[in-house]
Amino acid sequence: MSETKAPSNFIRQIIDRDLAEGKNDGQVVTRFPPEPNGYLHIGHAKSICLNFGIAESYGGSCNLRFDDTNPEKEEDEYIQSIKQDVQWLGFQWNGEERFASNYFDQLYDLAVGLIQKGLAYVDSLSPTEIAEYRGNFTTPGKPSPYRDRSVDENLALFEQMRDNKLDEGEAVLRAKIDMQSPNISLRDPILYRIRKKTHHQTGDKWVIYPMYDFTHPLSDAIEGITHSLCTLEFEDHRPFYDWVVENTSVPATPRQYEFARLNLNYTVTSKRKLKQLVDEGHVDGWNDPRMPTISGLRRRGYTPTSIRTFCESVGVSRADSVVDMAMLEAAIRDDLNQHAPRAMCVMNPLKVVIENWEAGKEETLVAPVHPQNESMGTRHVPMTREVYIDREDFREEANKKFKRLVLGDRVRLRYGYVVRATDVVRDDQGEIVEVRCSYDPNTLGKNPENADDQGKMRGVIHWVSADKGLPCEVRLYDRLFSAANPDKGLEEGQTFLSHINPESLTVLEDCWVEPGLRGALAQTRYQFEREGYFCVDQDSTDERLVFNQTVGLRESWPKEA
RNA sequence: UGGGGUAUAGCCAAGUUGGUAAGGCAGCGGGUUUUGAUCCCGUUAUUCCCAGGUUCGAGUCCUGGUACCCCAGCCA
């Protein structure tokens, strides 16, 4: 086992430097701060792994904080799912989960302090007027006529806002900074707005709610966060983040650092778009196995380890990038290859009758649970006169590269005997419905003695006893979108939804799996040999197993076979 | 258009004081194999967005370009 060295990235370098300079008393405290307005997705996993991972490797701690400053979009359902997902990934936050709303009282006092210092004022401009006064990229903003209200008047007005004396949109509290700033987020950013909505944590206590830009630096400071990691789009807000920390009396000086968010091809990682997919019924819910949500990946069969190693492998940088889905798939294949028990499942059954096998005779074959890991033990696979093989594994004729069953040739039934196809049975339409075979009783665990005459043994195929196998359902998944970037190449009137892959889900109803899987619990993962990795879906019942394809095996065989 | 960022292989990504381009994914070739899997071995950038310059020496420093991303919510 090689020592896993902490991956180098610019954030770790900053922390190393800070530690070397003795900053923050040698402490490293991070936080993962989601807004509870949706389910977590693979992009959040990157942030979670970064924040918790850094805390872990520097002997620090990481808080879970809900950034719940906008009661309009937030729900308790999201809070619960977020907590579950973080824990499932294997991380434990420091103490209880926190809420920005825990700090509403302190935030209010700090805002009053800003007013008293002449650094904040109540603006009575309408929303559209505020937008006009703000200017744009080329035009500097101009001061609101209310910008120079007296401290006393501001204090009184802010109190009226808080005491529900004003209507929504009638007034806001703004920081007094610089309406001419080339950085638009410094043109007197809004600190508080009136929202007469019941809040999932504070109920009806408040009718004014602080904005993210005001809340975040203060929450960080209150919690003693040392390194506040967020994505690139907040870069322009950093000067205001520092302004807030400098101009309020808070116990610490957290610093914000930005990294590039994760993009994956053939999917979307935007809460808004994911919510749209769910709300409009394009998928089966937030945990649809095709979704890039943590809960979707979980249902699909991804392991926490695979998601964590994936996040580690993509690294952390400041360059916009789009990670290839193949990297995610490589991570889950790697984990499951090592740990998933093997089983045989036939998904497109074709009956095979072994004519020289005595009717009614059953033989129990012994197979390893894992070919490279003896400690996982063995399993019993019943062999009978009639078995199913996959239709893809039989051809009447084929060239030498086809390593499966061909009429007249031999193939091994995995863990069992070598059989030779002798004839086919067709239905009225001429379609093959059955293959007749003979078997060589002397080939269990050894090769046929006459390998060279009478045609060679072409390969090994999987199979399931027709009498003893279990009928089951298998759900196959393809990428949710057929375009690498669903937001690109759109015609007039099209949206990312136009790129949805209509064949992202294939349900196979007539599948057969070896009987040892009877009663398998939801989430149990297997490698179906020669097919891929699958896990038991939550829709599974005692009567009927349902499997989700997590990912196929790597396939590399000659195209013209 | 003003401001803020980013450019290293098909995709991520190391490269810190200038010393002669890590690693992963994908690909390709070969070996082992009762999974066309796994595993193993080999291979894939004379060049770092472009053009100049400094230097014995530049992905790293300087100058000038180019491309792409973010910002004009009382969202986060």
Side-chain angles (χ1 to χ4, degrees), chain A residues 7-10 13 17 33-35 37 67-70 72-74 123 125-127 130-132 134-141 168-174 181-187 190-195 208-209 211-213 215-216 230-239 258 260 262 265 271-272 309-310 312-331 333-334 337-338 342 344 367 370-372 401-404 412-416 418 443 445-447 457 459-462 527-532 552-558 561:
Chain A
S8 168
N9 63 52
F10 74 97
Q13 288 167 9
R17 191 198 59 208
E35 183 188 16
N37 67 344
D67 236 322
D68 57 345
T69 55
N70 184 359
E72 224 135 56
K73 300 200 271 178
E74 300 159 5
D123 196 347
L125 248 26
S126 72
I130 285 184
E132 284 165 20
R134 184 153 40 221
N136 55 40
F137 295 152
T138 45
T139 320
E168 283 190 19
E170 204 178 332
V172 290
L173 184 72
R174 303 180 72 173
S181 175
N183 181 347
I184 293 178
S185 69
L186 252 23
R187 319 241 260 232
I190 291 170
L191 268 23
Y192 269 90
R193 77 291 213 183
I194 300 169
R195 276 288 170 281
I208 58 171
Y209 290 95
M211 298 286 286
Y212 164 88
D213 285 313
T215 308
H216 210 87
C230 64
T231 43
L232 248 27
E233 66 268 26
F234 293 104
E235 207 168 3
D236 290 343
H237 301 218
R238 194 190 328 136
E258 310 86 16
L262 173 69
N265 60 13
K271 262 195 227 173
R272 198 209 101 224
T309 55
F310 166 74
E312 209 155 279
S313 77
V314 303
V316 180
S317 77
R318 290 172 60 86
D320 296 310
S321 61
V322 182
V323 173
D324 196 325
M325 192 62 101
M327 265 206 232
L328 219 206
E329 295 176 345
R333 281 197 191 101
D334 185 55
N337 173 51
Q338 293 177 59
R342 314 282 124 130
M344 292 194 286
H370 191 291
Q372 279 90 33
K401 290 176 177 172
F402 188 74
K403 298 171 66 178
R404 312 177 189 191
R412 179 183 294 282
L413 296 182
R414 188 157 166 82
Y415 306 124
V418 171
T443 52
K446 53 187 170 186
N447 283 329
M457 194 182 82
V460 179
I461 63 174
H462 60 102
Q527 182 199 88
F528 288 165
E529 295 179 278
R530 300 210 313 131
E531 294 287 3
L553 255 26
R554 239 172 114 244
E555 284 184 354
S556 55
W557 40 288

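Here is how names work: the chains are called A, B, and so on, in the same order as the sequence lines, proteins then strands, and each is numbered from 1.
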How is [X] classified with respect to the nucleic acid when contacts are heavy atoms under 4.0 Å: base, sugar-phosphate, or nothing?
X      : result
A/Q13  : base
A/I208 : nothing
A/T69  : sugar-phosphate
A/V172 : base
A/Q338 : nothing
A/K271 : nothing
A/G459 : nothing
A/H237 : base
A/E235 : sugar-phosphate
A/M211 : sugar-phosphate
A/P371 : base
A/I130 : base
A/N70  : sugar-phosphate
A/D324 : sugar-phosphate

Taking side-chain contact (heavy atoms from CB on, under 4.5 Å) as the criterion, tell me which of A/R530, A/M344, A/R414 meets it with A/I461.
A/R530
Syn if the chi torsion is within 90° of 0, anti otherwise; quick check, which is B/G73?
syn
Pairwise [atom1] distance for [N] and [M], with rounding to whole Å:
N     : M     : atom1 : answer
B/U6  : B/C50 : C1'   : 16 Å
B/G53 : B/A58 : C1'   : 11 Å
B/U60 : B/U16 : P     : 12 Å
B/A67 : B/A72 : P     : 23 Å
B/C41 : B/U63 : P     : 47 Å

Donor-acceptor pair, [X] side chain versus [Y] backbone, under 3.5 Å?
X      : Y      : answer
A/R333 : A/G552 : yes
A/D324 : A/M327 : no
A/S181 : A/L186 : no
A/N265 : A/M325 : yes
A/K271 : A/E35  : yes
A/N183 : A/D236 : yes

Using side chain to side chain donor-acceptor pair (under 3.5 Å), reason through A/D67 and A/T69 one step at a time and then give a plain yes or no.
CA-CA 6 Å; A/D67 236 322; A/T69 55; 5.0 Å; no
Just N and O in the side chain of [X]: are any of them under 4.0 Å from OP1 or OP2 of [N]?
X      : N     : answer
A/S8   : B/G15 : yes
A/R195 : B/C75 : yes
A/S185 : B/C71 : no
A/Q372 : B/U34 : no
A/R318 : B/A13 : no
A/R134 : B/C74 : yes
A/R530 : B/G36 : yes

Rounded to whole Å, how long is the line connecting atom [atom1] of [X] with atom [atom2] of [N]?
X      : N     : atom1 : atom2 : result
A/Y209 : B/A76 : OH    : C1'   : 16 Å
A/I190 : B/A72 : CD1   : P     : 12 Å
A/E529 : B/U33 : CD    : P     : 18 Å
A/E233 : B/G5  : CD    : C1'   : 12 Å
A/R333 : B/C39 : CZ    : C1'   : 16 Å
A/F10  : B/A7  : CZ    : P     : 11 Å
A/D236 : B/C75 : CG    : P     : 19 Å
A/N265 : B/C12 : CG    : P     : 9 Å

What nucleotide among [options] has an atom nearest to a side-chain atom of [X]?
X      : options             : value
A/R554 : B/C25, B/A7, B/U38  : B/U38
A/S317 : B/A14, B/C69, B/A76 : B/A14
A/A131 : B/A26, B/C12, B/G73 : B/G73
A/N136 : B/A72, B/A76, B/G36 : B/A72
A/Y212 : B/A76, B/U34, B/G2  : B/A76

Examine the side chains of A/Y415 and A/E529 and answer whether a donor and an acceptor come within less than 3.5 Å of each other.
yes
Map A/I461 and A/G315 onto RNA chain B by nearest heavy atom, then report which one ends up closer to the 5' terminus.
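It is A/G315 whose nearest nucleotide is closer to the 5' end.
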Between A/S321 and A/G445, who's closer to the 5' end of RNA chain B by nearest nucleotide?
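Here A/S321 is the residue nearer the 5' end.
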Pair pattern of RNA chain B in dot-bracket, where unpaired bases get dots and | marks partners in another strand, Watson-Crick or G-U under 3.5 angstrom
.(((((((.[[[..)...(...]]].(((((.......))))).....[[[[[..)....]]]]])))))).....
So for [X] and [N], does any side-chain atom that can act as donor or acceptor lie under 3.5 Å from a complementary atom in the base?
X      : N     : value
A/N183 : B/G4  : no
A/E531 : B/U35 : no
A/R412 : B/U34 : yes
A/R342 : B/U35 : yes
A/R404 : B/G36 : yes

Give a yes/no verdict on base stacking between B/G2 and A/F137: centres under 5.5 Å, planes within less than 30° of parallel.
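Yes; by the centre-distance and plane-angle rule, A/F137 counts as stacking on B/G2.
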Quick one: side-chain hydrogen bond (donor to acceptor under 3.5 Å, both in side chains) partners of A/S313, sequence neighbours excluded?
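In terms of side-chain hydrogen bond (donor to acceptor under 3.5 Å, both in side chains), with neighbours along the sequence ignored, A/S313 is linked to no residue.
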Any idea how A/H216 and A/Y212 line up, ring-wise: parallel (<30°), tilted (30 to 60°), or perpendicular (>60°)?
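Taking A/Y212 first and then A/H216, their aromatic rings sit tilted (interplane angle of 30° to 60°).
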Do A/D123 and A/I130 pass the side chain to side chain contact (heavy atoms under 4.5 Å, CB included) test, and can you show the C-alpha distance, the side-chain angles, and the key distance before you say yes or no?
CA-CA 9 Å; A/D123 196 347; A/I130 285 184; 4.1 Å; yes
